[in-house]
Structure formats: C-alpha cells, structure tokens
Number of protein chains: 2
Amino acid sequence: MKKQVNPKELDVLLRAAEVACAENGARLTQRRRQVLSELMQSSSPLSAYEVLDLCNRSTTSTMPPMSVYRILDFLEQQQLVHKLSSSSKYVACAHIACDHKHFQKTHFLLCDGCSSVEEVDATEEASEALEQMAKTVGFKLTTQQFELSGICTACQDSAGEGL
Amino acid sequence: MKKQVNPKELDVLLRAAEVACAENGARLTQRRRQVLSELMQSSSPLSAYEVLDLCNRSTTSTMPPMSVYRILDFLEQQQLVHKLSSSSKYVACAHIACDHKHFQKTHFLLCDGCSSVEEVDATEEASEALEQMAKTVGFKLTTQQFELSGICTACQDSAGEGL
DNA sequence: GCGTTAAAGATACAATATATCATATTACGA
DNA sequence: TCGTAATATGATATATTGTATCTTTAACGC
C-alpha cells in the first residue's frame with residue numbers, strides 16, 4: 001500500500017539521497033531515483049518485482065527485471081535501502097534525511113498484521129546479550145542486521161476494537 | 001558436505017523422530033524418513049532442491065519438487081526440521097533424540113566460514129533485551145526463531161593458522 | 001474387502017534471481 | 001568539442017525457488 005508521504009517531504013528525502021550518493025562519488029540517476037522513490041512511498045517492504053511493476057506503471061518506458069536488481073543492489077550499497085532477507089523484500093532506509101549513521105546493529109521489526117516495518121538501532125543490552133549468547137557456543141557474531149516479527153502498536157490496538 | 005554421523009547414531013535419531021511423529025498421531029513414512037535422513041547427514045543447511053537431488057541420487061525412483069516441499073513442511077510442523085528463512089534452507093533439529101522441548105525462542109548461529117549451524121536456546125537476557133527493545137517502539141514480539149551470522153570456533157582457529 | 005483419509009506422484013506454472021552481451025550515457029582529458 | 005574510458009541501462013536467456021491442482025497410491029478403521 002501507498003504510504004502518506006507528501007510530495008515535499010519525498011523531495012527532501014530524494015535530495016538527501018542524492019547528496020549521500022555524491023559524497024560516495026556515486027550518482028543517483030533517474031532510474032535509481034525512481035526505484036528509491038517507489039520504496040519511500042510504500043508502507044511495507046516490496047519485492048523486486050513489485051518495485052518493477054510500480055516503476056513500469058508510472059512511466060511509459062519499461063525496465064527489465066535485471067535493472068531493478070542492479071539498482072536495488074546499488075541502493076543497498078549506498079545504505080539508502082535495506083534488504084530483508086527473511087522475505088526477500090526491500091525497504092527504504094528510515095534515516096536518509098537525518099544524520100544517522102549505521103554504526104550500531106540494526107533491527108527491523110516486522111508487523112505480522114499490517115506488514116509495516118520499524119527500523120531501530122540495537123540497544124547496548126540487546127547487542128551485549130546476543131554476543132554473550134553466541135559466545136557460549138564459541139561464535140563471534142558478524143550480523144549487522146536482525147529481523148524480528150511482532151505486532152505493531154496500531155495492530156495491537158485494532159485487535160482490541162473488535163471486543 | 002556430509003557430516004560424520006555413524007549409521008547407528010543416525011538410526012537412533014530416525015527412531016526418535018518416528019516416535020515423535022507417532023506421539024502427534026502422524027507417520028514418518030519412507031519418503032519423509034529419507035528427506036529427514038539426508039538433512040541429518042548434512043553438515044550445513046540444504047535447499048529444498050539440494051535435498052531433492054540427494055534423495056533422487058540415493059534411490060532409483062525420482063521424486064518431484066512438490067513432494068520435497070510438502071515433506072519439508074510436514075517435518076517442520078513436527079519440529080524435526082527448521083527452515084532458515086534468511087537463506088531458504090533447511091536443517092535437521094538438533095534436539096530430536098533428547099527430551100528438549102521448543103519452549104524458549106531458538107537462535108540459529110550460522111557460520112560465514114563453513115556454513116555450519118548451531119541451534120541454541122535464547123538466554124533469559126537476550127529474550128528480555130530484545131523484548132525491551134521492541135517495546136520502545138510499541139512492538140510486541142512474536143518471533144520464535146532468530147538467525148544470526150558469525151564465525152564458529154573452528155573457523156576462528158583456522159583463520160589464525162595462516163599467520 | 002471397502003470406503004475414507006492421508007500421502008505421494010505428475011504436470012504446469014508463478015515468483016525470484018542471475019549471467020551475459022549489447023547499447024546508451026556520462027565524465028573527462030587531449 | 002571530440003574521442004575514449006568508465007558507468008549505467010537494456011535485452012535476452014535461463015537458473016532457482018516455490019505453489020496450484022489434479023491424479024494415483026497407500027494406510028487405516030470398520
């Protein structure tokens with residue numbers, strides 16, 4: 001579903017993304033901008049083919065699947081987009097317009113109800129506890145990204161409404 | 001790769017699986033047994049099609065992909081097999097022959113080096129910390145399974161060898 | 001044995017992802 | 001500004017993963 005993002009805000013986000021790319025010596029081309037824009041306007045993660053359809057619907061030209069995958073990879077490298085490996089879907093980074101850096105581990109909370117996603121930094125406690133747990137079997141953690149399912153506030157509330 | 005599982009031990013595991021099925025009013029048929037057996041003998045998670053190939057190589061008859069998926073679903077329901085959603089691969093449960101129950105949340109530690117997997121119960125601290133973290137954005141966690149990457153002891157050691 | 005149910009086979013196809021070669025666009029120095 | 005190298009995209013084919021559906025076979029309860 002489409003998220004309510006006003007055009008002005010969207011523009012701010014896209015400009016910020018452009019700057020971020022420039023800082024890495026990369027370019028946010030029209031196609032990349034288009035892909036990113038679709039993800040920014042979605043209230044839930046999208047599969048590569050969903051992105052493809054949206055792009056092909058919004059312009060006359062048609063893009064092949066390969067291009068979408070390439071562009072998604074690029075956007076992921078630029079940390080403008082994250083790939084959720086549990087569902088093979090993509091979300092726009094929640095921190096494009098702020099000065100947030102991906103220093104800490106990132107957790108994605110996926111709502112079972114409405115498919116929305118919250119991107120949160122790992123707390124010190126969580127990082128610590130997970131590392132300790134891994135240590136008990138000799139593992140040294142490398143994951144930078146965790147995906148957890150749950151029920152978001154809105155869905156918890158609306159579940160109660162029926163009563 | 002094949003894990004070193006001696007035939008006797010494998011048999012014990014399969015018998016235990018059979019009993020577990022029976023307790024749920026289900027049957028561990030030949031096919032199901034075959035699929036489970038391949039997973040038990042693998043040192044790393046296998047994709048459905050990898051399981052399929054192994055099964056079709058080890059007998060004269062050939063099984064269609066559909067059957068493997070059905071059987072993997074069945075084995076998952078019986079908690080004899082776990083599906084790793086981050087890689088769409090399957091592993092035999094580490095607790096088939098012991099009286100372990102899946103009460104706590106389960107963490108799978110995936111080694112980046114050798115692809116081996118460790119299945120461990122969540123510590124109280126980790127569960128607590130993750131739930132707290134989710135709570136800060138209003139999420140109520142439902143995930144029962146977590147997948148973390150890292151480097152296992154063996155691979156940490158062998159990385160040092162080259163020096 | 002006979003009908004009911006559960007399991008497996010067969011076939012087709014949908015969804016996800018990559019390999020590779022060709023073309024277009026951009027950046028940039030001569 | 002022109003040529004060239006690097007980057008980005010297009011086009012095509014194909015690999016991989018997963019499902020839908022219908023048929024056949026096997027097991028079980030009576």
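Labels below follow one simple rule: chain letters A, B, ... track the order of the sequence lines, proteins then strands, and each chain is numbered from 1. Predicted model, so just to flag it, every value in this text is computed and none were measured.
- Between the CD atom of A:E50 and the C1' atom of C:dT16 there is a distance of 11 Å, given to the nearest Å.
- Looking at B:Q144, B:H95, B:H82 one by one, the single match for side-chain hydrogen bond (donor to acceptor under 3.5 Å, both in side chains) with B:H102 turns out to be B:H82.
- A sub-4.0 Å separation between OP1 or OP2 of C:dT16 and a side-chain N or O of A:Y49 is absent.
- Here the straight-line distance linking atom CZ of A:F146 with atom OG of A:S127 works out to 6.5 Å at 0.5 Å rounding.
- Following rounding to the nearest Å, A:R33 (CZ) and D:dT9 (P) show an atom-to-atom distance of 13 Å.
- For the pair B:R27 CZ and C:dT5 P, the interatomic distance rounds to 14 Å; values are reported in whole Å.
- The side chain of B:T29 places an N or O atom within less than 4.0 Å of a non-bridging phosphate oxygen (OP1 or OP2) of C:dA8.
- Aromatic ring pairs are classed by plane angle as parallel below 30°, tilted from 30° to 60° and perpendicular above 60°; the pair B:Y49 and B:Y69 is perpendicular.
- Put simply, B:S88 has no side-chain N or O that comes within less than 4.0 Å of OP1 or OP2 on D:dT17.
- Across all strands, A:R70 comes closer than 4.0 Å to base atoms (heavy-atom distances).
- Taking side-chain N and O atoms only, A:S47 has no distance below 4.0 Å to OP1 or OP2 of C:dA15.
- Distance B:N24 CG to C:dA7 C1': 17 Å, rounded to the nearest Å.
- Comparing D:dT17, C:dA8, C:dT20 by their closest approach to the side chain of A:M66 singles out C:dT20.
- As rounded to whole Å, 10 Å separates atom P of C:dT16 from atom CG of A:D53.
- Distances shorter than 4.0 Å separate some side-chain N or O of A:K83 from OP1 or OP2 on C:dA17.
- For the pair A:A26 and B:S87, nearest-nucleotide mapping onto DNA chain D gives the more 5' position to A:A26.
- Residue B:R32 places at least one side-chain N or O under 4.0 Å from the OP1 or OP2 atom of C:dA7.
- Within the 4.0 Å cut-off from OP1 or OP2 of D:dA26, not a single side-chain nitrogen or oxygen of B:R31 is found.
- Whole-Å rounding puts the B:Q30 CD to D:dA26 P distance at 13 Å.
- Between B:N56 atom CG and C:dA10 atom C1' the separation is 13 Å, expressed in whole Å.
- OP1 or OP2 of C:dA17 sits under 4.0 Å from a side-chain N or O of A:Y69.
- Nucleic acid contact class of B:M63 (heavy atoms, under 4.0 Å, all strands): sugar-phosphate only.
- Hydrophobic clustering keeps B:L72 apart from B:V117 (ILVMFWY residues linked when any side-chain heavy atoms are closer than 4.5 Å, directly or through intermediates).
- In this structure, the CG atom of B:L72 is 14 Å from the C1' atom of C:dA8, given to the nearest Å.
- Exactly one of B:Q41, B:R33, B:Q34 qualifies for a side-chain hydrogen bond (donor to acceptor under 3.5 Å, both in side chains) with B:S37. That residue is B:Q41.
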